[in-house]
Amino acid sequence: MYNDTLRISLSQAGFVQTIDQAGGVVGAVLGFILMPRAPWRLLILGASLAATVANALTGMADSYLLLCSVRFASGLSVVLLTTVCACIMARATVPDRAFGAGMAISLLLSAAAIWLLDALREYIGYGAALSSGALWLGAAVFLSLLLPADLRGGTVDLGSRDGEGTRLGAIAFGKIALVGLLLFAVGANVVSGFTERVGLANGLNPAQVANAAAFSYILSIVAVLIPTAVGVIGGRLKWIAFTTLLFFGAIWALYESTTTFSYTIAFAAYLSAWGLGLTYYMSLVADNDPDEKFTRMIYIINVAAQAIGPAIGAMLVAKGSLSIVLLAAPFPAAAALVIIAVYAARRPHEAARVPAAS
């Protein structure tokens with residue numbers, strides 16, 4: 001749509017995405033700095049308002065410079081918004097439940113957004129479609145008003161949830177969990193920019209791929225609700241291992257998918273593994289973060305992975321084929337599981353400090 005609206009090249013459109021991600025990096029860092037100093041409701045309200053305006057202006061941009069400017073503002077404000085929201089959810093007794101519910105809502109809205117985007121583009125025009133993000137973010141403005149006015153950082157001692165282990169042990173495990181989150185997210189993002197191309201390369205047409213993707217978002221909601229339903233029964237490490245195996249299977253299924261049905265199932269498995277992985281790794285960080293410092297870094301890590309992963313994928317495609325991308329994606333996820341498992345084996349008291357049930 002950027003290409004058709006402003007008559008810009010594909011490389012220029014790609015640069016707009018880079019600008020959006022750059023704004024996200026600034027937003028994540030800004031959240032890390034501001035959250036201990038400012039009321040969280042004020043931060044969410046301000047970020048929602050800015051994001052709503054930036055997304056409304058996206059469809060009205062009549063120059064490449066203006067488009068880049070509003071997308072930078074959108075990336076900054078959206079990631080600032082999600083960073084603060086993640087820290088609020090991390091304060092749940094079992095953060096896995098909160099993050100799982102958040103992921104499920106995100107996937108449901110993503111499916112709705114895909115269909116809305118296509119309908120607006122067809123019946124109203126590209127401008128309305130490009131501005132459609134303002135609808136969701138405008139809702140966030142009103143929802144932010146329901147939060148307590150005195151909600152802010154530093155008011156809850158997350159270390160009080162420790163049943164075992166020392167504060168220093170929890171901090172050490174929190175750092176390991178951040179590394180695990182980065183590696184897993186990089187692996188997931190290596191594939192993210194090429195899922196459509198995989199479907200097309202396997203013989204599907206663009207309409208089939210789009211419909212399959214939308215249904216996949218809905219199907220994956222069932223999987224990402226697992227943490228909300230069961231918490232961390234059986235231990236979080238087992239769920240991380242299950243998620244990693246599911247990710248491996250999804251990558252193989254994507255490679256083999258030659259029909260709309262098989263592509264839908266494979267893509268749903270990929271989204272499920274991605275959502276479950278982020279949920280369990282983020283909650284592992286939150287539950288080993290007595291100072292709320294690592295939780296504030298979660299979206300710095302996620303945004304970094306969104307830049308590193310596609311860059312690795314693009315480099316691999318330039319030197320080979322899509323199959324090389326699919327072959328490489330599982331390695332970072334496997335490395336994440338290994339370092340978490342090794343630490344858990346060496347420091348069982350700190351690793352077991354997460355409650356086994358709600």
Side-chain angles (χ1 to χ4, degrees), residues 10-11 13-22 24-25 28 75 79 103 106-107 110 177-202 204 209 212-213 216-217 220 223-224 240-257 262-282 285 297-340:
L10 189 61
S11 62
F15 183 71
V16 175
Q17 307 298 328
T18 302
I19 288 290
D20 204 316
Q21 292 291 340
V25 172
V79 174
M103 287 289 177
S106 175
L107 289 168
S110 293
L178 276 176
V179 175
L181 173 63
L182 175 63
L183 288 171
F184 180 85
V186 165
N189 278 283
V190 166
V191 183
S192 63
F194 301 97
T195 51
E196 179 186 10
R197 293 296 175 186
V198 170
L200 296 176
N202 286 348
L204 304 182
V209 171
S216 295
Y217 277 107
S220 61
V224 299
I240 289 176
F242 166 76
T243 296
T244 306
L245 292 175
L246 178 62
F247 182 68
F248 293 169
I251 296 300
W252 174 82
L254 277 173
Y255 179 78
E256 294 290 337
S257 59
S262 61
Y263 181 83
T264 301
I265 299 301
F267 193 51
Y270 165 70
L271 292 173
S272 299
W274 193 349
L276 284 171
L278 291 183
T279 294
Y280 283 119
Y281 278 108
M282 289 193 301
V285 172
M297 295 177 65
I298 281 176
Y299 273 88
I300 297 178
I301 295 295
N302 282 340
V303 172
Q306 288 169 13
I308 296 170
I312 293 174
M315 180 179 65
L316 292 173
V317 165
K319 294 185 177 182
S321 63
L322 283 173
S323 59
I324 297 178
V325 176
L326 296 175
L327 181 65
F331 284 96
L337 173 61
V338 168
I339 65 169
I340 296 296

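Below, each value reflects all heavy atoms present in this structure, side chains not excepted, and no hydrogens, waters or symmetry copies. The first residue in the sequence is number 1, and the count goes up from there.
Of all heavy-atom pairs spanning Ala329 and Val191, the tightest one is CB-CG2, 3.2 Å. Among all heavy-atom pairs drawn from Ala28 and Ile300, the shortest one is CB-CG1, 3.5 Å. The minimum heavy-atom distance linking Ala268 with Ser220 is given by the pair O-CB, 3.6 Å. Nearest heavy atoms, Met103 versus Leu278: CE-CB, 3.3 Å. Residue Ala336 comes nearest to Tyr281 through the heavy atom pair CB-OH, 3.3 Å, listed as atom of the first residue, atom of the second, then distance. Scanning all heavy atoms of the two residues, the minimum distance from Phe247 to Pro330 falls at CE2-CA, 3.9 Å.
Rounding to the nearest 0.5 Å gives a distance of 10.0 Å between CD1 of Ile251 and CG of Leu246. Leu326 contributes atom CG, which lies 10.5 Å from atom CD of Glu256 (distance to the nearest 0.5 angstrom). Separating the OH atom in Tyr217 from the OG atom in Ser272 is a distance of 11.5 Å, to the nearest 0.5 Å. Rounded to the nearest 0.5 Å, atoms CG (Leu204) and CD (Glu196) are 10.5 Å apart. Taken to the nearest 0.5 Å, the CD1 atom of Ile240 stands 7.5 Å off from the CG atom of Leu337. Here OG1 of Thr195 is found 8.0 Å from CG of Leu271. Values are rounded to the nearest 0.5 Å.
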Item to complete: Go through the steps to decide whether Phe184 and Thr243 satisfy the test side chain to side chain contact (heavy atoms under 4.5 Å, CB included), and finish with yes or no.
Response: CA-CA 10 Å; Phe184 180 85; Thr243 296; 4.1 Å; yes
Discussion item. Using side chain to side chain contact (heavy atoms under 4.5 Å, CB included), reason through Ile298 and Leu181 one step at a time and then give a plain yes or no.
Written reply: CA-CA 8 Å; Ile298 281 176; Leu181 173 63; 4.2 Å; yes
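Counting heavy atoms of neighbouring residues, nucleotides and ligands inside a 6.0 Å radius, atom OH of Tyr255 does not exceed 12 of them.
Tyr270 and Trp274 have their aromatic ring centers within a separation under 6.0 angstrom.
Considering only heavy atoms from C-beta on, Val325 comes within 4.5 Å of Val190 through its side chain. Side-chain contact check for Leu276 versus Phe242: some heavy-atom pair is nearer than 4.5 Å. Counting only heavy atoms from C-beta outward, the side chains of Val285 and Met297 never approach each other to under 4.5 Å.
A distance-only check finds a donor-acceptor pair linking the side chain of Ser216 to the backbone of Thr264 [under 3.5 Å]. In this structure, Asn202 contributes its side chain and Leu254 its backbone to a donor-acceptor pair below 3.5 Å.
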